[in-house]
Asker: 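Below is one structure. I have some questions about it.
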Number of protein chains: 2
Amino acid sequence: MGRVMARHRTAAKAEARRRAPGDAGEAPPLRKSEATRLRILDAAARVFARRGYADTRLSDIAQEAGTFAGSIYYYFESREELVEEVLRLGVTGVFEAVRDKVEALPPGASYREKLTVAMETHLSFTLAENDFATANQRLFAQVPGEIRLRHIHVHRAYGNYWRRLLEGARRAGEIRRDIDLSVLRLQILGAINWTMEWYKPGKRSIEQIANQLATTVFDGVAAA
Amino acid sequence: MGRVMARHRTAAKAEARRRAPGDAGEAPPLRKSEATRLRILDAAARVFARRGYADTRLSDIAQEAGTFAGSIYYYFESREELVEEVLRLGVTGVFEAVRDKVEALPPGASYREKLTVAMETHLSFTLAENDFATANQRLFAQVPGEIRLRHIHVHRAYGNYWRRLLEGARRAGEIRRDIDLSVLRLQILGAINWTMEWYKPGKRSIEQIANQLATTVFDGVAAA
DNA sequence: ATCATAATCTAAATTAAATTAGAATATCAA
DNA sequence: TTGATATTCTAATTTAATTTAGATTATGAT
């Protein structure tokens with residue numbers, strides 16, 4: 001009840017927000033329990049990524065974050081809100097990473113290069129760097145339908161980005177006209193997403209996997 | 001406690017098994033509550049396929065089967081046993097369908113043909129025909145880790161079948177030698193499995209999707 | 001028609017979480 | 001140092017499901 005809550009909603013970067021000392025009228029200035037909130041969020045992503053939705057208790061998350069199940073409610077309205085925040089940060093993280101890498105390519109880059117970078121970035125971000133991204137992959141299919149519905153638009157935004165990439169590639173004559181781009185897009189993302197289910201670090205590098213995927217998609221595997 | 005149980009374990013086809021009237025010594029002869037068991041199993045597959053693990057209650061399944069949550073325990077030890085049976089039947093069904101179709105090909109068939117048929121069969125079986133297959137796809141990633149572990153070998157058997165197909169294709173010179181077959185296999189199955197998440201009947205035929213997948217895999221999408 | 005046992009139903013017990021409440025503690029401004 | 005408020009802890013409550021138990025009804029053999 002007498003909680004802070006809504007204040008913390010915003011996000012992951014903990015924007016600096018000391019208030020100038022005398023601006024009353026405003027809502028009371030914020031302290032930085034933000035650190036704790038972040039710790040909980042990180043812990044949630046980590047545990048969800050590792051164990052999936054069905055195997056994760058709030059108490060597991062609390063323990064991982066060095067606090068208690070009950071305490072989580074100081075920072076999140078509910079288990080759902082926590083899950084959804086993890087989900088959201090997962091997609092937006094991948095999206096931004098992919099877009100940044102693609103835009104960092106030199107102006108003359110071919111679409112093949114762009115798509116290859118996109119695949120590689122998505123893959124490596126998901127596999128190696130970011131518990132939020134991993135958690136998002138795992139969780140999205142596991143989570144109750146209602147939550148999934150509330151998040152579909154975040155996914156769609158990312159999907160649209162890929163759609164534009166592929167359309168560009170076709171316009172540039174780098175993809176045959178008889179290819180159904182929607183199907184292609186979903187096949188590529190499917191192959192990437194599935195990787196998480198089997199990839200174990202060590203044997204093959206993420207780069208190798210990404211490269212083979214790009215090669216397969218563009219050139220196929222047929223000999224001769 | 002005074003249940004029947006273990007007797008029903010076997011499977012889905014309800015083997016005929018009237019006893020010859022006078023063979024005592026044997027455990028008491030079986031009646032056909034098998035029909036009910038099957039009804040429950042079908043209902044479970046249907047509901048699990050539609051709503052996923054987290055959204056399915058035993059009471060939902062019971063209702064779909066025209067019985068009651070409590071009654072399920074006459075036929076299954078636990079919710080887990082029910083889930084696992086659905087899971088198992090899901091994989092073996094797809095496996096058998098794929099193998100049958102591939103083996104039904106004329107003797108001279110190329111591996112490209114074999115693989116195309118395999119993709120198409122897996123896809124259409126999963127998408128259109130069989131709630132067990134659909135449920136298996138959905139559930140496998142959603143189910144608690146312990147269950148998944150107990151089922152990994154069933155999946156592995158199916159995976160090995162694909163592995164052999166791809167190795168055959170390579171030996172026959174239909175796949176380039178620089179392709180990592182494990183990665184390829186997982187990419188193909190990933191693309192197929194993901195389809196379930198987005199496919200809506202009507203717009204595109206399953207055959208179209210399968211064909212594009214096969215084309216992409218063998219020839220790639222690059223123009224010229 | 002009767003009896004034994006199979007099959008089903010109903011309601012209660014159990015279980016395992018999430019959630020709430022409120023006490024205890026820390027922090028920080030005056 | 002003190003008081004106010006923010007934060008954290010602990011334990012109790014709630015909730016929603018699975019599971020058990022036992023009563024009830026159907027079925028098939030004699």
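What you see is a predicted model, and the numbers here were worked out from it, not measured in a lab. In the text below, chain A, chain B and the rest are named by the order of the sequence lines, each starting its count at 1.
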Asker: Contacts to DNA chain D from residues 142-149 of chain B, heavy-atom cutoff under 4.0 Å, which residues?
Answerer: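 Correct list: empty, so none.
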Asker: Let me know the distance between CG of B:Asp60 and P of D:dA17, rounded to the nearest Å.
Answerer: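 These atoms are roughly 8 Å apart.
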Asker: Does a nitrogen or oxygen in the side chain of B:Tyr73 sit under 4.0 Å from OP1 or OP2 of D:dT19?
Answerer: yes
Asker: Within the pair A:Thr36 and D:dT7, is there a side-chain N or O less than 4.0 Å away from OP1 or OP2?
Answerer: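 No, A:Thr36 has no side-chain N/O under 4.0 Å of OP1/OP2 on D:dT7.
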Asker: Roughly, in whole Å, what's the span from CD1 in A:Ile61 to P in C:dA17?
Answerer: 13 Å
Asker: What pairs of residues pass the side-chain hydrogen bond (donor to acceptor under 3.5 Å, both in side chains) test when at least one of them lies in residues 89-101 of chain A, not counting sequence neighbours?
Answerer: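 Of all non-adjacent pairs touching residues 89-101 of chain A, none passes side-chain hydrogen bond (donor to acceptor under 3.5 Å, both in side chains).
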Asker: Is A:Arg148 paired with B:Glu197 through a side-chain N to carboxylate O contact shorter than 4.0 Å?
Answerer: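 Salt bridge flag = no for A:Arg148 with B:Glu197.
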Asker: CZ of A:Phe68 versus P of C:dA26: gap in Å, rounded?
Answerer: 13 Å
Asker: Which of the following nucleotides, C:dT19, D:dT19, D:dC9, is nearest to the side chain of A:Ala69?
Answerer: C:dT19
Asker: Taking OP1 and OP2 of C:dA7, is either one under 4.0 Å from a side-chain nitrogen or oxygen of B:Ser71?
Answerer: no
Asker: Would you call A:Glu146 and A:Arg150 a salt bridge, using N to O less than 4.0 angstrom?
Answerer: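 Salt bridge between A:Glu146 and A:Arg150, a charged N being under 4.0 Å from a carboxylate O: yes.
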Asker: Using the side-chain heavy atoms of B:Tyr74, tell me which of these nucleotides is nearest: D:dT18, C:dT19, C:dA7.
Answerer: C:dA7
Asker: Over how many whole Å does the gap from B:Arg79 atom CZ to D:dT20 atom C1' extend?
Answerer: 17 Å
Asker: Whole angstrom is fine here: how far is it from CD1 in B:Ile72 over to C1' in D:dA21?
Answerer: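 Interatomic distance, CD1 of B:Ile72 to C1' of D:dA21: 17 Å.
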Asker: With a cut-off of under 6.0 Å to the ring centre and 45° to the axis, is A:Arg79 in cation-pi contact with A:Tyr53?
Answerer: yes
Asker: Apply side chain to side chain contact (heavy atoms under 4.5 Å, CB included) to B:Ile206 and list each qualifying residue two or more places apart in sequence or on a separate chain.
Answerer: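 For B:Ile206, the residues satisfying side chain to side chain contact (heavy atoms under 4.5 Å, CB included) (neighbours in sequence not counted) are B:Leu123, B:Ser124, B:Leu127, B:Ala128, B:Tyr199.
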Asker: How many Å lie between CG on A:Asp55 and P on C:dA18, as a whole number?
Answerer: 12 Å
Asker: Grab the CG-P distance between B:Leu58 and D:dT19 for me, whole Å please.
Answerer: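 One finds 6 Å between P of D:dT19 and CG of B:Leu58, rounded.
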Asker: What class does the angle between the rings of B:Phe140 and B:His155 fall in, given that below 30° is parallel, 30 to 60° is tilted and above 60° is perpendicular?
Answerer: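 Parallel: the ring planes of B:Phe140 and B:His155 meet at under 30°.
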Asker: Which residue in the set B:Trp162, B:Phe132, B:Phe125, B:Tyr161 passes ring pair (Phe, Tyr, Trp, His ring centres under 6.0 Å) when paired with B:Phe95?
Answerer: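 Of all the options given, the one that passes is B:Tyr161.
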Asker: Please state how far atom CD in B:Gln63 lies from atom P in C:dC9, giving the value in whole angstrom units.
Answerer: 13 Å
